[in-house]
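Chain letters run A, B, ... following the sequence lines, proteins first, then strands; residues in each count from 1.
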Amino acid sequence: MLDLRFIRNHPEVVRDALEKRGVDFDLDQLLSWDEKRRKLLTQVEQLKHSRNTLSEEVGKLKAAKQDASEIIQKVKQISGQIKEFERELDELERKVKEALLLIPNIPHSSVPVGPDESANEVVRVVGEPPEFSFQPRPHWEIGEDLDILDFVRGAKIAGSRFTVLKGWGAQLERALINFMLDLHTREHGYTEIFPPFLVNRETMVGTGQLPKFEDDMFLCSREDLFLIPTAEVPVTNLYREEILPGDVLPIYHVAYSACFRAEAGAAGRDTRGLIRQHQFNKVELVKFTRPEDSYEELEKLTNDAEEVLRRLGLAYRVVVLSTGDLGFSAAKTYDLEVWFPSANCYREVSSCSNFEDFQARRANIRFRPQPGAKPQFVHTLNGSGLAIGRTLAAILENYQQEDGSVVIPPVLRPYLHGLEKIPPS
RNA sequence: GGAGAGAUGGCUGAGUCUGGUUGAAAGCGCUCGACUCGAAAUCGAGUAGGCGGGUUAGAAGCCUGCCUCGGGGGUUCGAAUCCCCCUCUCUCCGCCA
């Protein structure tokens, strides 16, 4: 959510941002509602002021045992008027609030301008894609042959885009989770959180999933609870409606969670393999920082996520998203894309974003810079560190051998009882 | 799920029965000042948030109004206080990993 006062004072900046994102939004409508609202508010406040002072007089007269019926009549009339105006005011406020929740964040000045992902820019390429003396196979074939991935039974018990991990597959998934959590907690200074996987509506609004993207979410309608699409949602909302003391910042949190996505708009895309699932595991990094530090923190966070890929020995590149590809709440995003030999291309395994105060304003997360100072909104950031399923798929493909076996990256072996290779079945 | 108790400022906690300068006593904490070589102790002052209006190029600051005592609605000239609904917390019972 943007600051309404900022929109009022700098409509041209907001208009420019909307255009760069390719978003159609009626800003003039919002501004005229806001102007009407403020005029009405002033009137209502004046009426309330006279009501308050007159009521006080009634109290004084009654205490002095004098007649107050004349004033009481007058105030009754004023109250009626207030009620009438307030109905109108509520309607305007509702409209303004709803509109405000639908305006995306303003892209940072360093973000490349462009209509879609074709305008994204590669920031750096790290590592060499492996050479194969044979035709590398896609991970779903490797996994099924090794009897560690079961797509057929996943579809049977839950539906398409659900997969069963088995044997070394299940253990490799668990190893990846533990490896990432250990790395970020022990070496990068993050505090681990294990959050609820179901959250309420206010929480989903806080991070920006609602109201705009409800169709992409799984909803437990009986309780009106949503399955989280990422741990970003519960973890960012940990401090919703709070004023944090300035000295606790920056806060670094890392959380493992299962993630649930309806993938409503993705019918027919990535139907094979682990790339696009309704349920997947992810280790997520979340930061709360002072405004002046957030862009430096974004670089550090991105580097923390990259470290996972470097240690796993996977070739990857870092891409900065253009204005047309940027997510609704983000001001700047780096995607980490890992090499997939079978597809001969890079695919996203992490998305690291700075939301500035966009989520903090929605969720009302503030801090007091100094004891006694006025509260300010924090900046929030997050990034996958990393998506587990896609990482597992990348390992299967990049470490596959001609005989169908898969070598385990050395850093993971301690998590797999020293296993060096998943043997062919 | 059943029965009961409760939710007040950064925290503890009065006020609710008996509606009226109580946006809220007191204590703690915090900030600033005095004392001190410095600290502790002591003393003094200050210390909730939000939304408007004025001043300003704007911000800060200052002046001013409105709202908020878990959330929403109602009664009343006037609600922390009375009534209704919701949420959460605690205690007891039931159930359960």
Could you give the CD-to-P distance, from A:E35 to B:G52, as a whole number of Å?
14 Å
For the pair made of NZ in A:K60 and P in B:C77, what is the distance, rounded to whole Å?
20 Å
Just checking A:P245: base, sugar-phosphate only, or nothing, at a heavy-atom cut-off of under 4.0 Å?
nothing
How would you label the contact of A:K74 with the nucleic acid (heavy atoms, under 4.0 Å): base, sugar-phosphate, or nothing?
nothing
Would you kindly give the CZ-to-P distance between A:R87 and B:G73, to the nearest whole Å?
13 Å
Calculate the interatomic distance between A:D224 atom CG and B:C88 atom C1'; express it in whole Å.
17 Å
Looking at B:G52, I'd like to know if its phosphate oxygens (OP1 or OP2) sit under 4.0 Å from a side-chain N or O belonging to A:R37.
yes
Would you indicate what A:S69 reaches in the nucleic acid, counting non-hydrogen atoms under 4.0 angstrom: base, sugar-phosphate, or nothing?
nothing
Between the side chains of A:R174 and A:Y415, is a donor N or O closer than 3.5 angstrom to an acceptor N or O?
no
Considering only B:C51, B:A48, B:G50, which nucleotide approaches the side chain of A:R368 most closely?
B:A48
Using only heavy-atom distances, determine whether the side chains of A:N105 and A:S329 contain a donor-acceptor pair under 3.5 Å.
no
A:G59 or A:E93, whichever maps to the more 5' nucleotide of RNA chain B:
A:G59
Please classify the nucleic acid contact of A:R361 as base, sugar-phosphate, or nothing, using heavy-atom distances under 4.0 Å.
nothing
Remember a base hit wins even if backbone is also touched, and classify A:K83 as base, sugar-phosphate or nothing at under 4.0 Å, heavy atoms.
sugar-phosphate
Between A:F194 and A:Y256, what is the ring plane arrangement, given parallel below 30°, perpendicular above 60°, and tilted in between?
tilted
Which part of the nucleic acid, if any, lies within contact of A:L41, taking any heavy atom under 4.0 Å across all strands shown: a base, the sugar-phosphate backbone alone, or nothing?
sugar-phosphate
Base, sugar-phosphate alone, or nothing: which one does A:N9 contact when heavy atoms must sit under 4.0 Å apart?
nothing
Phosphate OP1/OP2 of B:G78 contacted by A:N52 side-chain N/O (<4.0 Å):
no
Atom pair distance, as rounded to whole Å: CD1 in A:I71 and C1' in B:G78:
12 Å
Taking the nucleotide of RNA chain B with the closest heavy atom to each, which residue, A:V58 or A:T53, is nearer the 5' end?
A:T53
Whole angstrom is fine here: how far is it from CD in A:Q370 over to C1' in B:U47?
15 Å
May I ask you to verify if any side-chain N or O of A:H49 is less than 4.0 angstrom from the OP1 or OP2 atom of B:G65?
no
A:M1 CE to B:G50 C1', straight-line distance once rounded to whole Å
12 Å
